[in-house]
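Below is one structure; the comments refer to it alone.
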Amino acid sequence: MSILQNITSTSIIFLLTGVPGLEAFHTWISIPFCFLYVTALSGNSLILFAIITQPSLHEPMYYFLSMLSTTDLGLSISTLVTMQGIFWFNVREISFNACLSQMFFIKFFTVMESSVLLAMAFDRFVAISNPLRYAIILTDSRIVQIGVASVIRGILMLTTMVALLTRLSHCHSRVLHHSYCFHPDVMRLSCTDTRINSAVGLTAMFSTVGVDSILILLSYVLIIRTVLSIASPEERKKTFSTCVSHTVAVAVFYIPLITLSFVHRFGKQAPAYVHTMVANTYLLIPPVINPIIYSVKTKQIRRAVIKILHSKET
């Protein structure tokens with residue numbers, strides 16, 4: 001049995017998929033994807049560099065933004081090699097262990113992004129509902145604790161989910177539906193009972209992303225209630241404007257994630273390229289859009305980025 005398990009798991013080679021039916025156009029398709037990757041990596045790196053080097057940005061809100069940029073960089077890098085490898089060189093093979101590693105990091109940075117968005121919602125709630133105690137509540141040490149807790153939660157929740165895949169046997173097709181390793185996709189290829197894997201996977205995602213989305217929604221209910229108690233319409237507008245960037249970031253993250261879940265569970269009759277495009281959107285759009293949102297809507301970030309760009313030109 002141990003020999004069989006070794007053959008069917010650790011020695012297995014999966015085949016990744018680009019855009020089904022459009023293989024002849026992979027070189028052309030790689031151009032917009034390459035542009036998105038360059039935008040995501042450069043944009044998030046620039047914001048991270050601006051926050052680190054500009055003392056005026058050493059505040060809780062921007063510390064959380066630096067965490068968001070870090071998770072977006074991790075999410076982009078996790079899929080860069082396999083996705084561009086398929087489009088540029090038609091390199092489709094990935095070993096079982098490499099597949100598990102990529103899957104873990106994709107899920108880990110997804111959970112981390114959800115955790116950071118929740119922390120940013122808490123930051124906005126404290127800033128609006130209790131501004132006088134803002135600096136007391138969100139101290140540097142507390143922000144570090146939030147970051148460490150998010151990392152530990154992600155590792156604990158996902159290690160079991162990914163490790164359970166090693167017990168599965170794969171005796172049929174080894175062709176994955178995406179250009180990266182996706183947990184439901186790997187389970188689908190197994191000829192072993194995957195009910196435990198499904199239950200653990202759903203529990204892990206609900207305990208992280210699911211709970212976070214509910215708490216974010218609750219925080220905005222409380223924020224809206226606080227803002228509506230403000231007498232001046234002009235002050236209400238000004239207060240709401242401080243949340244615009246975060247609400248867009250939340251929408252950009254959760255809408256593709258929810259769409260991907262629905263497509264996987266209820267869109268089995270949809271063309272294969274629909275699954276692929278939704279899956280790629282889920283991973284690429286947030287890292288691309290977030291730095292643009294915060295550069296456009298946040299005056300301090302915009303000034304810091306412009307300052308850095310001007311200093312490089314001179």
Side-chain angles (χ1 to χ4, degrees), residues 40 43-52 54 56-76 108-131 133-154 208-227 238-258 285-302 304-305:
N44 286 290
S45 297
L46 188 57
I47 285 185
L48 195 57
F49 181 74
I51 294 172
I52 292 172
Q54 302 298 314
S56 61
L57 299 180
H58 293 176
E59 298 177 7
M61 174 182 174
Y62 304 113
Y63 289 146
F64 288 129
L65 179 55
S66 69
M67 294 181 192
L68 185 66
S69 293
T70 302
T71 58
D72 281 336
L73 283 171
L75 204 55
S76 299
F108 174 73
F109 286 116
T110 298
V111 170
M112 279 297 298
E113 181 137 355
S114 179
S115 301
V116 173
L117 289 173
L118 174 59
M120 296 174 83
F122 177 68
D123 170 80
R124 291 298 83 208
F125 168 70
V126 175
I128 292 171
S129 301
N130 205 343
R133 298 193 61 206
Y134 179 76
I136 299 174
I137 295 173
L138 286 171
T139 60
D140 290 350
S141 61
R142 189 155 293 167
I143 292 171
V144 171
Q145 290 171 1
I146 291 173
V148 172
S150 299
V151 171
I152 293 174
R153 182 179 74 151
T208 52
V209 176
V211 171
D212 290 349
S213 61
I214 294 171
L215 293 177
I216 290 172
L217 180 61
L218 177 61
S219 70
Y220 269 96
V221 170
L222 298 175
I223 287 172
I224 291 171
R225 190 178 69 174
T226 301
V227 172
K238 184 179 179 180
T239 305
F240 270 130
S241 67
T242 64
C243 300
V244 171
S245 299
H246 180 255
T247 52
V248 175
V250 169
V252 164
F253 175 73
Y254 281 103
I255 290 175
L257 181 60
I258 293 171
I285 294 303
V288 170
I289 297 296
N290 285 339
I292 297 174
I293 295 169
Y294 281 95
S295 296
V296 171
K297 298 298 296 182
T298 308
K299 187 184 298 183
Q300 292 86 342
I301 292 292
R302 185 168 63 250
V305 169

Open item on the list: I'd like to check Y254 versus V209 (side-chain heavy atoms, cut-off strictly below 4.5 Å). Are they in contact?
Closed with: yes
TODO: Would you sort out whether Y294 and H246 count as a side-chain hydrogen bond (donor to acceptor under 3.5 Å, both in side chains), showing the intermediate values?
DONE: CA-CA 8 Å; Y294 281 95; H246 180 255; 5.6 Å; no
Open item on the list: With rounding to the nearest 0.5 angstrom, report the CE to CD1 distance, M120 to I146.
Closed with: 12.0 Å
Task: Taking every non-hydrogen atom, the tightest pair across I47 and S295 - done: CD1-OG, 3.9 Å
Open item on the list: If you compare all heavy atoms of L73 against all heavy atoms of S45, which two are closest, and at what distance to 0.1 Å?
Closed with: CD2-OG, 3.6 Å
TODO: Let me know which of T71, D72, N44 forms a side chain to side chain donor-acceptor pair (under 3.5 Å) with N290.
DONE: D72
- [ ] Considering non-hydrogen atoms only, spot the tightest contact between Y62 and L57 and give its length.
- [x] CB-O, 3.0 Å
Open item on the list: Working to the nearest 0.5 angstrom, can you tell me the gap between R124 CZ and T226 OG1?
Closed with: 13.0 Å
Task: Residues R153 and S115: side-chain donor-acceptor under 3.5 angstrom - done: yes
TODO: State whether a side-chain donor-acceptor pair under 3.5 Å links Q145 with D140.
DONE: no
Task: pair L138-F64: side-chain heavy atoms closer than 4.5 Å - done: yes
Open item on the list: Side chains of D123 and Y134: any donor to acceptor distance under 3.5 Å?
Closed with: yes
